[in-house]
Peer 1: 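Please read through the structure below; I'll follow up with questions.
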There are 2 protein chains.
Amino acid sequence: MRELTPEDNEPVGRAPGERPPGSVPTIHDVAAAAGVSKSVVSRALSGAPGVAARTVTKVKAAAEAMGYVANANARGMSAHRTHTLGVFVRDAATPFYGHLLTAFQEQASARGYRAVTATGSGSFSIEEERRALETLVSLRVEGLIVCSGALPVEDIIPFAHRIPTVIAGRPETDPSVSSVYCDEVGGGRGMAERVVQLGHRRVAVMTHTAASSLTQSARTEAMVQHLRDAGVDVLPFRCEDYGLEIEGTDSIVQAILDAGGVTALMAPSDSWALAVLESLQLRGLTAPNDISVTGYDGVKPFTSSLLGFTSWRQPLNLIGRLSVDDVVDQIEGLSQGARHRSIDGELIPGRTAAALSA
Amino acid sequence: MRELTPEDNEPVGRAPGERPPGSVPTIHDVAAAAGVSKSVVSRALSGAPGVAARTVTKVKAAAEAMGYVANANARGMSAHRTHTLGVFVRDAATPFYGHLLTAFQEQASARGYRAVTATGSGSFSIEEERRALETLVSLRVEGLIVCSGALPVEDIIPFAHRIPTVIAGRPETDPSVSSVYCDEVGGGRGMAERVVQLGHRRVAVMTHTAASSLTQSARTEAMVQHLRDAGVDVLPFRCEDYGLEIEGTDSIVQAILDAGGVTALMAPSDSWALAVLESLQLRGLTAPNDISVTGYDGVKPFTSSLLGFTSWRQPLNLIGRLSVDDVVDQIEGLSQGARHRSIDGELIPGRTAAALSA
DNA sequence: TTGTACGCGTTATCAA
DNA sequence: TTGATAACGCGTACAA
C-alpha cells in the first residue's frame with residue numbers, strides 16, 4: 001500500500017480556515033455549527049427519540065447546509081452493522097451478469113441494504129477473483145453474493161464460513177454455502193429435447209470443461225447426455241481445444257462443417273451462438289436453412305425477435321431476488337444454514353433451429 | 001435507515017466461546033494467536049521494516065490460519081486513505097455501462113485502487129441516483145466516477161466540490177467537475193454525414209430531450225442540425241411523445257411510415273435501432289431494403305456482423321481508462337482543477353444503411 | 001525489536 | 001433533553 005505523505009493533504013493556494021479538499025465535514029463540525037454536542041447530532045439525524053423538536057430542526061439545517069454525510073465506516077465500527085451487501089461478478093460487461101447486478105441492487109434496496117459491487121479486472125484469473133472477494137470482506141459487508149461461473153467453491157467456502165454467502169447463477173451442492181441457480185441439467189435437457197423433437201439425428205455440441213465454466217459445462221454435458229439417450233449421433237467439440245476465447249469459434253465451426261452431415265449445432269450460450277452465426281455468415285450459410293443453431297441464457301438483447309435465437313431463458317430477475325432474500329434472511333436470523341434453490345428455465349422457440357426437412 | 005435491534009446480534013444456539021457469525025477475526029485475535037502485540041501484527045503484515053524475520057513468519061502464519069482480512073473501514077479511519085474509487089452507473093444491465101464498468105475496474109486496479117460500484121435500483125428516479133451517490137460518499141471513497149445520462153450536473157457538483165470527481169460518458173462543461181466523453185456533436189454529425197452521403201433526402205430522426213438523456217439529446221440534435229444544413233428534409237420524432245420507454249418504438253415507427261417518403265431513420269442508440277428493426281420486421285419490412293436505419297454506440301453485442309448495424313463506435317475502454325486516470329491524478333495531486341476531454345468516435349459502416357437507389 | 005497509547009468518526013450508555 | 005465517555009479495529013508516534 002502506498003504510504004501517506006504530507007503532500008497528500010496540502011494542496012497549494014487554499015484559503016485559510018477552509019476545509020482541505022477531500023476532507024468531508026464530520027459530526028463534530030455539525031455539532032459545532034449547531035451549537036450542541038455530537039451525541040445530540042447523532043440522535044437528531046437518526047431520528048432517535050428524546051431530542052427537542054427545535055433542536056432537531058437546528059441540527060438538520062446545519063447538516064444540510066454543510067452537506068454532511070455520515071461516515072459509514074465509522075458508523076459500521078461502532079454499530080457493528082454496515083447494512084451493506086457485497087456483490088462479486090465475474091464480468092460486468094456481459095448482459096447476463098449485468099441483468100443479475102440490476103436485480104441484486106433492486107432487491108437489496110427493497111430489503112433496506114445497500115449493495116456494493118466488485119469485479120475481477122479484465123483478466124479473469126482466479127487469483128484476481130479471490131482478491132476481489134477479499135476487498136468485499138475487508139469492507140465488512142454483512143453478506144456476500146458471488147456470481148462467477150469459474151471461481152471454485154473451495155475458494156468461496158472460507159468466506160462463507162464467516163459471512164452469510166450465496167452463490168448466484170450457478171449450481172452448487174456444497175452444504176456450507178447457499179445457492180440460487182437455474183437448473184442447468186433440466187435446461188440442457190430441455191434444449192436437447194427440442195432439437196430431437198425437430199428431427200435432428202446428427203448433432204454437434206460445443207462443450208466446456210468445468211474448469212472454464214461450471215454452468216456451461218453442466219448444461220452442455222446434459223445436452224450430450226440427453227441426445228445420446230435419444231439415440232442421436234452426437235459430435236462433442238470442446239471449446240477449450242480451439243482456444244478458449246469466443247473468437248476461436250471460427251475453427252470450431254469449420255471442424256463441424258468438415259465433419260459432414262451435421263444438421264444442428266448446440267452452443268453453450270447466446271454469446272457463442274452469435275459467434276457461430278457470424279462464422280456461418282462468413283461462409284454464406286444461414287440458420288436454420290443450412291444448419292440449425294441453438295443458444296442458451298435468453299437474455300436481452302439476444303432475445304431480440306430480429307435475431308430469433310432458439311434459446312433457453314434463465315429467469316435472472318427471480319434468481320437475483322431470491323439470492324438477496326437468502327443472504328438477508330441469514331443476516332437477520334430469519335433462516336439458518338445453506339439452502340440450494342433450483343429455478344426452472346423456459347424454452348424460447350425462436351427461428352434459428354427448425355424442423356429437419358426430410 | 002433501519003434501526004439496530006437487539007435480535008440482530010443474538011443468533012440462537014451458538015456454542016459458547018465461538019465467534020458470533022458475521023464477526024470476523026481482528027488484528028487483536030491475530031496478535032493473541034501469534035503471542036505478540038497488535039502493533040507488531042500491523043507492521044509485520046504491511047511489510048514495514050523493523051520486525052524480526054522470525055516474527056513476521058509467525059504472524060503471517062497465524063493470520064493465514066484464521067483467514068484474517070484487515071478491516072478496511074478501520075484502516076481508512078486511521079490512515080485517512082481508503083484507496084477506493086466510487087463508481088456510479090445508471091443501469092448496469094445495458095452493455096454500454098457494463099463495458100465502462102469493466103474498463104474502470106481494470107484501470108483502477110492498475111493504479112492501485114479498488115473500485116466499488118453502486119447503481120440506482122431499477123426505477124431510474126433522480127432521487128434514487130442521488131442516494132446512490134451519497135452511499136458512495138458515506139463509504140469515504142477518495143474519488144467519484146459518475147456515469148448517468150440523466151443525473152443533472154447540479155446534483156453532482158456538491159459532491160465534486162469535496163471529492164475528486166469525473167463525469168464519464170457524457171459531455172459536460174461545468175468548470176467544477178471533470179469529464180471524459182465521446183464527442184456527441186461530432187458523432188451525431190458524422191452519422192448524419194454518412195446518411196447524406198448515401199443520398200437520402202427525407203430522413204426521420206428519433207430525438208430525445210435533455211431531461212431524459214443528455215447524451216442522446218446532444219447527438220440527435222446534432223444529427224438534425226447537420227441534416228438541415230445539408231438541405232435534407234428532416235422529420236424529428238420525440239421519443240418522449242410516444243412513451244419514453246423503448247417499447248413505445250412501435251408507434252414511432254408507424255408514425256414515420258405514415259409520414260411517407262422517408263428513406264432513412266436515425267435512432268439515438270443501438271438499443272433503439274434494434275427496437276426499430278424489430279418493429280419493421282413485424283410489418284414485413286427490412287433495412288436497408290425498405291428503409292435505411294442507423295444506430296449509435298457501437299458496443300458489443302450490437303456490433304455483431306450478423307446484425308450489421310450502421311453505427312458510431314464510442315471508445316469505451318479509452319473513456320474508462322482516462323476517467324480513472326483523471327480522478328486518480330486529482331487524488332494524488334498530479335493534476336489540479338477540472339478537465340474536459342472529448343474523445344473521437346468512429347463510423348461503423350454496417351449494412352443497415354445503404355445508398356439510396358435512384 | 002517490541003509494546004503502549006492515542007486518534008480516526010460514529011453510536012450507545014450513563015450521568016447530569 | 002442534553003453532554004461526557006467508552007468502545008469499535010486499525011495505524012503509528014513514541015517509549016521501552
Side-chain angles (χ1 to χ4, degrees), chain A residues 1-6 8-9 19-20 22-32 34-59 63 66 68-84 137-140 142, chain B residues 1-6 8-9 19-20 22-32 34-59 63 66 68-83 137-140:
Chain A
M1 181 163 298
R2 190 170 151 274
E3 292 307 315
L4 183 63
T5 57
D8 286 329
N9 291 323
R19 302 199 62 80
S23 104
V24 167
T26 74
I27 196 172
H28 195 269
D29 299 317
V30 179
V36 295
S37 76
K38 53 193 179 126
S39 322
V40 174
V41 174
S42 174
R43 284 181 294 230
L45 259 27
S46 71
V51 184
R54 215 178 65 82
T55 310
V56 172
T57 315
K58 193 171 55 181
V59 169
M66 60 206 304
Y68 170 72
V69 178
N71 184 329
N73 300 331
R75 191 202 297 261
M77 287 193 58
S78 126
H80 296 281
R81 299 272 279 116
T82 58
H83 284 282
T84 303
V137 172
S138 78
L139 259 20
R140 290 302 183 265
E142 294 187 45
Chain B
M1 183 162 298
R2 189 170 151 278
E3 291 308 314
L4 182 63
T5 58
D8 287 330
N9 291 323
R19 300 198 62 81
S23 104
V24 167
T26 73
I27 196 172
H28 194 269
D29 300 316
V30 178
V36 295
S37 77
K38 39 185 189 132
S39 334
V40 175
V41 174
S42 174
R43 285 180 294 233
L45 259 26
S46 71
V51 184
R54 212 178 66 83
T55 310
V56 171
T57 315
K58 194 171 54 178
V59 168
M66 59 207 303
Y68 171 72
V69 178
N71 185 329
N73 300 331
R75 194 203 295 263
M77 287 194 59
S78 86
H80 293 282
R81 300 269 282 120
T82 58
H83 283 281
V137 172
S138 78
L139 259 19
R140 290 303 183 262

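As a basis for the values below, the full set of heavy atoms in this structure was taken, side chains included, without hydrogen atoms, waters or symmetry mates. Here is the naming used below: chain letters follow the sequence lines, and residue numbers restart at 1 for every chain.
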Peer 1: For A:Arg140 and B:Pro25, work out which heavy atoms get closest and say how close.
Peer 2: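 For A:Arg140 and B:Pro25, the tightest heavy-atom pair comes out as NH2-O, 4.0 Å.
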
Peer 1: Can you list the residues that meet the side chain to side chain contact (heavy atoms under 4.5 Å, CB included) rule with A:Thr55, with sequence neighbours excluded?
Peer 2: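 Checked A:Thr55 against side chain to side chain contact (heavy atoms under 4.5 Å, CB included); matches are A:Val36, A:Val40, A:Val51, A:Ala52, A:Val59.
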
Peer 1: Quick one: B:Arg81 CZ to D:dT12 C1', roughly how many Å, whole number?
Peer 2: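 Rounded to whole Å, this separation is 16 Å.
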
Peer 1: In whole Å, I'd like the distance from the CZ atom of A:Arg54 to the P atom of D:dT2.
Peer 2: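 Rounded to the whole Å, the gap is 9 Å.
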
Peer 1: B:Ser37 and B:Ala31: which non-hydrogen atoms are nearest, and at how many Å?
Peer 2: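 Shortest heavy-atom contact: C-CB, 3.8 Å.
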
Peer 1: If you assign each of A:Ser78 and B:Gly50 to its closest nucleotide in DNA chain C, which residue comes earlier from the 5' end?
Peer 2: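 With A:Ser78 and B:Gly50 compared, the 5'-side residue is B:Gly50.
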
Peer 1: With sequence neighbours excluded, tell me which residues meet side-chain hydrogen bond (donor to acceptor under 3.5 Å, both in side chains) with A:Ser39.
Peer 2: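 If we apply the side-chain hydrogen bond (donor to acceptor under 3.5 Å, both in side chains) test to A:Ser39, skipping adjacent residues, there are no hits.
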
Peer 1: NE2 of A:His80 versus P of C:dG9: gap in Å, rounded?
Peer 2: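 Distance, rounded to whole Å: 19 Å.
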
Peer 1: Would you kindly give the CG-to-C1' distance between A:Asn73 and D:dC10, to the nearest whole Å?
Peer 2: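 Atom CG in A:Asn73 sits about 12 Å away from atom C1' in D:dC10.
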
Peer 1: Using whole Å, what does the distance between atom C1' of nucleotide D:dC10 and atom NE2 of B:His28 come to?
Peer 2: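 Atom NE2 in B:His28 sits about 12 Å away from atom C1' in D:dC10.
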
Peer 1: Rounded to the Å, how far apart are B:Leu139 CG and C:dC8 C1'?
Peer 2: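 Roughly 16 Å, once rounded to whole Å.
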
Peer 1: Contact class for B:Ala70 (heavy atom, under 4.0 Å): base, sugar-phosphate, or nothing?
Peer 2: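 Result for B:Ala70 = sugar-phosphate.
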
Peer 1: By nearest atom, which of the nucleotides D:dT12, D:dG9, C:dT10 is closest to the A:Ala74 side chain?
Peer 2: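 Output: C:dT10.
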
Peer 1: Looking at A:Glu142 and A:Thr82, what are the two nearest heavy atoms and their distance?
Peer 2: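 Distance-wise, the nearest heavy atoms are OE2-N, 2.7 Å.
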
Peer 1: Between the axis at one end of the helix from C:dT1-D:dA16 to C:dA16-D:dT1 and the axis at the other (five pairs apiece), what's the angle to 10 degrees?
Peer 2: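 Its terminal axes enclose an angle near 50°.
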
Peer 1: Which heavy atom of A:Lys58 sits nearest a heavy atom of A:Ala34, and at what distance?
Peer 2: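 That closest heavy-atom pairing would be CE-O, 3.5 Å.
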
Peer 1: Heavy atoms, side chains only, cut-off 4.5 Å: are A:Tyr68 and A:Ile27 in contact?
Peer 2: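 Of all side-chain heavy-atom pairs linking A:Ile27 with A:Tyr68, at least one is under 4.5 Å.
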
Peer 1: Can you name the atoms? Protein N/O to nucleotides 3-5 of chain D N/O, anything below 3.5 Å, with the distance.
Peer 2:
residue, atom, partner, partner atom, Å
D:dG3, OP2, A:Ser37, N, 2.9
D:dG3, OP2, A:Ser37, OG, 3.3
D:dG3, N7, A:Arg43, NH2, 2.9
D:dG3, O6, A:Arg43, NH1, 2.8
D:dG3, O6, A:Arg43, NH2, 3.4
D:dA4, N7, A:Ser39, OG, 3.2
D:dA4, N6, A:Ser39, OG, 2.8

Peer 1: Choosing from C:dT11, D:dG9, D:dT12, which nucleotide comes nearest the side chain of B:Ser42?
Peer 2: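 Nearest to the side chain of B:Ser42 among the choices is D:dT12.
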
Peer 1: Where the side chain of A:Ala52 is defined as all heavy atoms beyond and including C-beta, which of C:dT11, C:dG9, D:dT1 is the nearest nucleotide?
Peer 2: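 Given the options C:dT11, C:dG9, D:dT1, the side chain of A:Ala52 is closest to D:dT1.
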
Peer 1: Whole angstroms only, please: what is the CG-P distance between A:Asn71 and C:dG7?
Peer 2: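 In whole Å, C:dG7 P lies 18 Å from A:Asn71 CG.
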
Peer 1: The criterion is side chain to side chain contact (heavy atoms under 4.5 Å, CB included); which residues satisfy it with A:Ala48, sequence neighbours excluded?
Peer 2: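 A:Arg43, A:Ser46.
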
Peer 1: Checking contacts here: which listed nucleotide (C:dC8, C:dT10, D:dC10) is nearest the side-chain heavy atoms of B:Met77?
Peer 2: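 Nucleotide nearest to B:Met77's side chain: C:dC8.
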
Peer 1: For A:Ile27 and D:dT2, what is the distance between atoms CD1 and C1' respectively, to the nearest whole Å?
Peer 2: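 In whole Å, D:dT2 C1' lies 14 Å from A:Ile27 CD1.
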
Peer 1: Using the side chain to side chain contact (heavy atoms under 4.5 Å, CB included) criterion, which residues pair with B:Ser138? Sequence neighbours excluded.
Peer 2: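 For B:Ser138, the residues satisfying side chain to side chain contact (heavy atoms under 4.5 Å, CB included) (neighbours in sequence not counted) are A:Val69, A:Ala72, A:Arg114.
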
